[in-house]
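Everything on this sheet refers to the single structure shown next.
All values below were derived from every heavy atom in this structure, side-chain atoms included, with hydrogens, water molecules and symmetry-related copies excluded.
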Amino acid sequence: MLSIESLCKSYRHHPAVKNVSFHVNKNECVALLGPNGAGKTTTLHMLAGLLAPTSGTIKLLGEKKPDRRLIGYLPQYPAFYSWMTANECLTFAGRLSGLTKKKCREEVGGMLEFVGLQESAHKRIGGYSGGMKQRLGLAQALLHQPKLLILDEPVSALDPAGRFEVLDMMRELKKHMAVLFSTHVLHDAEQVCDQVVIMKSGEVSWKGELQQLKKLHQTNVFTLSVKENLKGWLEDKPYVSAIVYINPSQAVFELPGIHAGRALLSDCIRAGLTVTHFEQKTESLEDVYLQVVHA
C-alpha cells in the first residue's frame with residue numbers, strides 16, 4: 001500500500017529525518033514510536049503531502065504522485081472554524097475532497113454517528129471539548145473513504161473511555177484501509193498495531209512485527225517464592241545467576257532458559273521446598289521501547 005525509501009528532510013543544515021525506510025501493507029496498522037524530536041510528525045507530514053521531502057521516495061499503491069484523495073490525515077491538534085457546526089464542517093471537508101453535495105449529504109450523518117457525534121451535529125464547534133474535536137478530526141479524515149489513514153497522536157486529547165472507543169474504531173478501520181499512526185501511549189499501540197517503527201534522532205532504530213520485537217528483547221529473568229528459606233540454597237545452583245533477594249523466601253534471578261526453570265522446580269521438589277510462585281518476567285512494550293531508544 002505505502003512504500004517509503006531513504007526519506008530525508010532537512011531544514012537548512014539541520015537534518016530532521018534521515019534515510020527513513022519502511023512500508024505499510026493493505027489492511028495493516030503500523031505504529032510510529034519515538035521520543036519527542038525523533039522526526040515522527042515531520043515524517044507524517046511528508047507522507048500526507050504537507051511537506052516536500054529533501055530526498056527519497058514515497059509511493060502509494062505504486063505511484064510516486066498519488067491522488068491525495070486516497071489519503072486521510074488527522075493532525076495532532078486539528079483546527080476548525082469555530083462558527084461552523086460539525087455537519088457544516090464535514091460537508092465543507094467532503095467538498096474539498098471531491099465529493100458531490102449529494103454524496104456529502106449521504107455520508108455525513110453516518111460518519112458523525114460512527115465517531116459518536118450525532119447528537120452534536122448541529123452544535124457550533126467552538127463549544128466542543130478537545131476530545132470532541134479529535135473525534136470530528138477523525139470523521140473528516142475518513143469521510144472520503146481513503147485507502148491510507150494517517151493519524152498523528154490520535155488519542156492524545158481523549159480520556160480513558162474515549163481512547164478505548166477510538167482504538168476500537170481503529171481495529172474496525174484496518175479491515176477496510178491501511179492505518180499509520182504515531183503515539184506516545186505505548187499500551188495503545190500494543191492493542192491495535194501489527195507492525196512498529198521506532199524512530200530516534202530522525203532515524204529508524206527498529207522496525208518489524210511487535211511480537212518479533214518482544215521476542216528479540218526477551219529476558220531470562222525469573223521470580224521464585226517459597227514458604228521456606230531460599231538463601232544459601234539457591235546460590236548452590238550453577239545454572240542460577242544474578243540473584244536478588246526480595247526477602248529470604250523470595251528471589252529474582254536469571255536462568256539460561258525455560259529448560260533451566262524446569263530443572264529448578266525439580267530441585268525445589270527434591271529439597272522439600274513449597275513453591276508458591278514461579279514466573280518468567282514478560283517484557284512490556286514500554287520495557288522494549290526503552291531498550292531500543294536508549295541503546
Side-chain angles (χ1 to χ4, degrees), residues 18 20-22 28-40 153 155-156 160 163-164 167 171 181-295:
K18 298 174 279 186
V20 168
S21 300
F22 64 91
E28 184 176 62
C29 184
V30 176
L32 196 59
L33 308 176
N36 290 331
K40 303 188 303 296
E153 298 284 348
V155 296
S156 60
R163 281 194 4 239
F164 178 82
L167 292 173
R171 290 188 194 95
F181 74 106
S182 68
T183 184
H184 285 104
V185 186
L186 302 181
H187 175 72
D188 293 343
E190 203 166 5
Q191 299 301 305
V192 297
C193 71
D194 303 295
Q195 306 266 352
V196 293
V197 178
I198 300 179
M199 294 185 67
K200 177 184 176 183
S201 302
E203 299 178 287
V204 173
S205 293
W206 199 92
K207 60 184 176 182
E209 293 182 6
L210 182 58
Q211 293 306 317
Q212 181 186 357
L213 175 63
K214 285 185 174 183
K215 186 176 180 180
L216 187 65
H217 292 271
Q218 182 71 52
T219 60
N220 291 319
V221 177
F222 292 76
T223 300
L224 174 66
S225 299
V226 300
K227 289 185 177 180
E228 297 77 16
N229 196 331
L230 277 174
K231 276 194 171 181
W233 179 84
L234 193 58
E235 291 92 323
D236 290 339
K237 307 304 166 191
Y239 49 82
V240 178
S241 60
I243 302 171
V244 175
Y245 285 100
I246 298 171
N247 57 58
S249 298
Q250 186 177 20
V252 177
F253 48 86
E254 292 183 9
L255 294 175
I258 194 62
H259 60 283
R262 289 191 287 267
L264 178 61
L265 288 175
S266 297
D267 286 344
C268 287
I269 293 170
R270 281 192 289 269
L273 298 177
T274 307
V275 177
T276 58
H277 183 83
F278 179 71
E279 71 170 345
Q280 182 177 14
K281 180 184 176 184
T282 302
E283 295 283 352
S284 68
L285 182 56
E286 284 88 349
D287 295 329
V288 173
Y289 167 80
L290 289 173
Q291 290 181 43
V292 173
V293 167
H294 295 299

_Please report the interatomic distance OG(S21) to CD(E203), rounded to the nearest 0.5 Å._
11.0 Å
*Would you find a donor on one side and an acceptor on the other, under 3.5 Å apart, between the side chain of S182 and the backbone of E153?*
yes
*asked:* Taking the side chain as everything from C-beta on, heavy atoms only, tell me whether I269 gets closer than 4.5 Å to V275.
replied: no
*Please list, chain by chain and in numerical order, all residues satisfying side chain to side chain contact (heavy atoms under 4.5 Å, CB included) with A242, sequence neighbours excluded.*
E254
*Would you call L33 and T183 a side-chain contact if the rule is heavy atoms closer than 4.5 Å?*
yes
*Where K231 and N229 come nearest, the two heavy atoms and their spacing*: N-OD1, 2.9 Å
*Pairwise distance CD(E279) to OG(S225) - rounded to 0.5 angstrom*: 9.0 Å
*CE on M199 to NZ on K207, rounded to 0.5 Å*: 11.0 Å
*Taking the side chain as every heavy atom from C-beta outward, state whether F181 and V155 have any atom pair closer than 4.5 Å.*
no
_For A260, give me all partners under side chain to side chain contact (heavy atoms under 4.5 Å, CB included), at least two apart in sequence or on another chain._
Y239, L255, P256
*Answer whether the closest heavy-atom distance between the side chains of F222 and L224 falls below 4.5 Å.*
no
_Enclosure of Y245 OH (heavy-atom neighbours >12, cutoff 6.0 Å)_ = yes
*If you measure from CZ on R171 to SG on C193, what distance do you get to the nearest 0.5 Å?*
11.0 Å
_With a 4.5 Å cut-off on side-chain heavy atoms, are F253 and L264 touching?_
yes
*Who are the salt bridge (charged side-chain N to carboxylate O under 4.0 Å, His left out) partners of R262, not counting sequence neighbours?*
none
*Considering non-hydrogen atoms only, spot the tightest contact between L167 and V192 and give its length.*
O-CG1, 3.6 Å
*Using side-chain hydrogen bond (donor to acceptor under 3.5 Å, both in side chains) as the criterion, list what pairs up with E228, not counting sequence neighbours.*
T274
*When you measure from the side chain of E209 to the backbone N and O of Q195, does any donor-acceptor pair fall under 3.5 Å?*
no
*Can you name the nearest heavy-atom pair linking D236 to G232, along with the distance?*
OD2-O, 3.2 Å
*Atom of C268, atom of W233 and distance for their closest heavy-atom approach*: SG-CH2, 3.6 Å
*For the pair K200 (side chain) and W206 (backbone), establish whether a donor and an acceptor sit closer than 3.5 Å, ignoring hydrogens and angles.*
no
_side chain to side chain contact (heavy atoms under 4.5 Å, CB included) partners for V244, two or more places apart_ = none
*Atom pair CD1/CG of I243 and L234 - distance to nearest 0.5 Å*: 4.0 Å
*Could I get the full list of side chain to side chain contact (heavy atoms under 4.5 Å, CB included) partners for P35, not counting sequence neighbours?*
A38, Y289, V293
